[in-house]
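The structure appears below as structure tokens.
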Number of protein chains: 2
Amino acid sequence: MIDGTHLPLIGEETHLRADAVRNRARLLEAAARLAAERGAAAITMETVAAEAGVGKGTVSRRFGDRNGLLQALLDHSEQRFQEAFLSGPPPLGPEADPATRLRAFGPALLHHERANLDLYLAAEPAAERRFAVPPRRLRHTHVAMLVRALLPDADAELLAHALLSSVEVVLVDHLVRDHGMPLARVEAGWHDLVDRLLG
Amino acid sequence: MIDGTHLPLIGEETHLRADAVRNRARLLEAAARLAAERGAAAITMETVAAEAGVGKGTVSRRFGDRNGLLQALLDHSEQRFQEAFLSGPPPLGPEADPATRLRAFGPALLHHERANLDLYLAAEPAAERRFAVPPRRLRHTHVAMLVRALLPDADAELLAHALLSSVEVVLVDHLVRDHGMPLARVEAGWHDLVDRLLG
DNA sequence: ACGATAAACGGGACGCGGCCCGCTTATCTT
DNA sequence: AAGATAAGCGGGCCGCGTCCCGTTTATCGT
């Protein structure tokens, strides 16, 4: 539970050989150095391997792919955040009432994300444009217009983003494919969400 | 407004030369054929170019990158969906009241997305794992637990996804970076969303 | 009609990510 | 201690996306 093994990541096998753990540490150190000096975008399989003095194959085997490496890098910060909301002090931790914890969780997550922003963004290349694309903008404008008409005192822009995010393609596909959730339940979820917001 | 020019996509210049428009059409046709026969994943710059009988450079210049090509492919279906909620019949179109339109919008978007699922997924490689990663699962479990305690009759799983999606890294970064939105407003948006849901 | 000009074309070059296989080396057993 | 065994290692290989530049060709003014 001390070093990055609190939850099994992909490719995190147990019983690593001594040279393997040594190389793993070297790779993480090299990647962190690269991220600090030249930004997380500078983290490439080849560069990290060279910086750590090992072969590319070693990176691939240990972390699976570039994403696995980035997630391993995020692990320390992630773990602290997890402890904060799982067993930390109020308002995040279990001593506060659920409503307080839920209210506090969002900002806490936001700050955690911004503290590791470049790493998160490096893990999702080409995600920058996801929202800038015309169809997306149009949908958002439309939903925001409806929200504005229905809830004049709400932050329609944000609420529209929240609504649209809840039926995001990748999310819904994950629910349907990986969890066997019927599409009808997702539709019902949308109706439920809208109805609760409209009071 | 007739063919793919209803909204300016990246690289959609006006006054294309005759051979350029011809090659553009050939490329889209080739890409559609490839997607139909071998799945959207088979759409590679090289293959599409070869199938259309042009050079790779032509694809790159016309559509910018692979994503641009995929979005151009989505354009037809996208346009029909847009017309449906902008000027179509109720409950989506402007003749219905806002609440009805908003309720209907989600399922409509869901069906549009599923009709073009492979294209959407091809545009976001490695997005499959976004939700399968341990930290994500843990956050979701936590939020769902809180939601379940606060709203026993709600679909806590879905509501938790909706809440988490509203503070997604990429979304927030887009708001902050591209729209200059202060982080404090995003935090206030979370509180507002939670409060509205809790009634 | 024809020449000037800019737009478009082709495909090679480059860098990166992921994979694989022949060699090396830590570990375990007796 | 030494050999057997499997885990680990290295770096070459391939496919893909993107960029670039020398060449071709449509377009437009005269």
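Chain A is the first sequence line, chain B the second, and so forth, proteins listed ahead of strands; every chain is numbered from 1.
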Figure out the CZ/P separation between B/Arg62 and D/dG17, and round it to whole Å. 19 Å
Ion pair A/Glu157/A/Arg148, N-O distance below 4.0 Å: yes
What is the distance from CG of A/Leu69 to P of C/dC16, rounded to the nearest Å? 15 Å
Does A/Arg80 have any salt bridge (charged side-chain N to carboxylate O under 4.0 Å, His left out) partners at least two apart in sequence or in another chain, and if so, which? none
Could you please spell out the steps behind the salt bridge (Lys or Arg N to Asp or Glu O under 4.0 Å) verdict for B/Arg130 and A/Asp173? CA-CA 11 Å; B/Arg130 275 229 298 271; A/Asp173 185 58; over 6 Å; no
Is there a side-chain contact between B/Asn23 and the phosphate of C/dA8, meaning an N or O under 4.0 Å from OP1 or OP2? no
Using atom CZ of B/Phe63 as one end and atom P of C/dC9 as the other, report the distance to the nearest whole Å. 10 Å
State whether the side chain of B/Thr47 and the backbone N or O of B/Ile43 hold a donor-acceptor pair below 3.5 Å, judged by distance alone. no
Would a distance-only check, ignoring hydrogens and angles, find a side-chain to backbone donor-acceptor pair under 3.5 Å from A/His161 to A/His140? no
Scan nucleotides 17-30 of chain C nucleotide by nucleotide, 5' to 3', and note B when protein non-hydrogen atoms come under 4.0 Å of the base, S if they reach only the sugar-phosphate, - if neither. SBBB----BSS---
Stepwise, does the salt bridge (Lys or Arg N to Asp or Glu O under 4.0 Å) test hold for A/Arg136 with B/Glu78? CA-CA 10 Å; A/Arg136 298 275 194 142; B/Glu78 195 72 51; over 6 Å; no
Atom-to-atom span, CD of B/Glu51 to P of D/dC16 - whole angstrom: 14 Å
Taking 4.0 Å as the cut-off, does a side-chain nitrogen or oxygen of A/Thr58 come that near to OP1 or OP2 on D/dG10? yes
